[in-house]
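Have a look at the structure below, then the notes.
The figures here come from the full heavy-atom set of this structure, side chains too, leaving out hydrogens, waters and symmetry mates. Quick note: residue numbers are just sequence positions, from 1.
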Amino acid sequence: MLQQIQNRDDEIIFSKHAINRMDHRDMTLSMEELKRLKSGFNKAEEKGVKDALILMGDKAFIASIKNKTVITTVNKEQLKDNVFTNIDGAVIV
């Protein structure tokens, strides 16, 4: 499913690191979750955010909004007691 999305110019891209993290953490995304993630990108872009933390339920994504790229992913176990750096905005979708 991620490969299908990455083939479109207007869609978000998942870095190799993000894909590896998702595989390692057994994370999957439904089509509805992908739509919500894209909505988070759009909201961040509208506000001029460059690097964002996008929170969606028990998943988090660090993203380069300008490059429309998910840099890394975090599941609920890693969300606890974690500090996110090098972001200039957060979006909850």
Side-chain angles (χ1 to χ4, degrees):
M1 186 179 323
L2 293 176
Q3 288 176 340
Q4 290 175 350
I5 287 177
Q6 289 182 312
N7 291 335
R8 299 181 190 162
D9 290 336
D10 64 334
E11 296 292 335
I12 55 177
I13 298 167
F14 287 77
S15 71
K16 288 181 183 179
H17 177 75
I19 292 171
N20 287 338
R21 291 284 178 146
M22 289 181 73
D23 287 343
H24 183 260
R25 294 173 175 156
D26 199 27
M27 292 173 62
T28 58
L29 292 173
S30 67
M31 286 304 288
E32 180 61 33
E33 288 174 317
L34 288 170
K35 288 178 186 176
R36 289 173 56 198
L37 185 59
K38 184 169 180 165
S39 170
F41 268 80
N42 292 338
K43 289 177 183 181
E45 187 174 38
E46 288 171 8
K47 294 292 185 179
V49 174
K50 295 176 187 170
D51 297 298
L53 168 65
I54 301 174
L55 295 171
M56 182 173 43
D58 61 354
K59 298 174 181 124
F61 305 88
I62 301 294
S64 168
I65 302 304
K66 176 182 167 186
N67 297 326
K68 293 198 179 240
T69 303
V70 174
I71 298 166
T72 193
T73 60
V74 181
N75 63 13
K76 72 178 180 177
E77 285 80 32
Q78 285 81 36
L79 277 173
K80 297 175 185 172
D81 297 321
N82 204 339
V83 176
F84 296 96
T85 59
N86 298 325
I87 61 169
D88 61 340
V91 181
I92 302 169
V93 291

So, using side chain to side chain donor-acceptor pair (under 3.5 Å) as the criterion, who are the partners of T69 when residues are at least two apart? none
Measure across M27 and V74 and return the closest heavy-atom pair with its distance rounded to 0.1 Å. CE-O, 3.8 Å
Is any side-chain heavy atom of I71 closer than 4.5 Å to a side-chain heavy atom of F14? no
Tell me which pairs pass salt bridge (charged side-chain N to carboxylate O under 4.0 Å, His left out) where either residue lies in residues 51-61, with sequence neighbours left out. E33-K59
Taking C-beta and beyond as the side chain, do F61 and I12 meet within less than 4.5 Å on heavy atoms? no
So OG1 of T72 and CD1 of I62: to nearest 0.5 Å the spacing works out to 7.5 Å
Has the side chain of D88 got a donor or acceptor atom that lies under 3.5 Å from a matching backbone atom of K50? yes
Side-chain heavy-atom pair S39, K43 within 4.5 angstrom cut-off: yes
If you draw a 6.0 Å radius around CG in L79, do more than 12 non-hydrogen atoms from other residues or ligands fall strictly inside? yes
Side chains of N42 and K68 in contact at under 4.5 Å (non-hydrogen atoms): yes
Of the non-hydrogen atoms in G40 and I54, which two are nearest, and what is the gap between them? C-CD1, 4.1 Å
Decide if atom CG of N82 counts as having more than 12 heavy atoms of other residues, nucleotides or ligands within a radius under 6.0 Å. yes
Kindly indicate whether the side chain of M56, heavy atoms from C-beta on, has any atom under 4.5 Å from the side chain of R36. yes
Considering all heavy atoms, the nearest I87-A52 contact: CG2-C, 4.0 Å
Would you say I65 ends up clustered with V91 if hydrophobic residues are merged whenever their side chains have heavy atoms under 4.5 Å apart, either directly or through other cluster members? yes
Supply the atom-to-atom distance T73 OG1 to L29 CG, rounded to the nearest 0.5 angstrom. 8.5 Å
Any non-hydrogen side-chain atom of V70 less than 4.5 Å from a side-chain atom of F41? yes
Quick note, salt bridge (charged side-chain N to carboxylate O under 4.0 Å, His left out) partners involving residues 16-26, not counting sequence neighbours, are none
Rounded distance (nearest 0.5 Å) linking atom CG of L55 with atom CD1 of I92: 5.5 Å
In this structure, CG of L37 is separated from CD of E11 (nearest 0.5 Å) by 10.0 Å
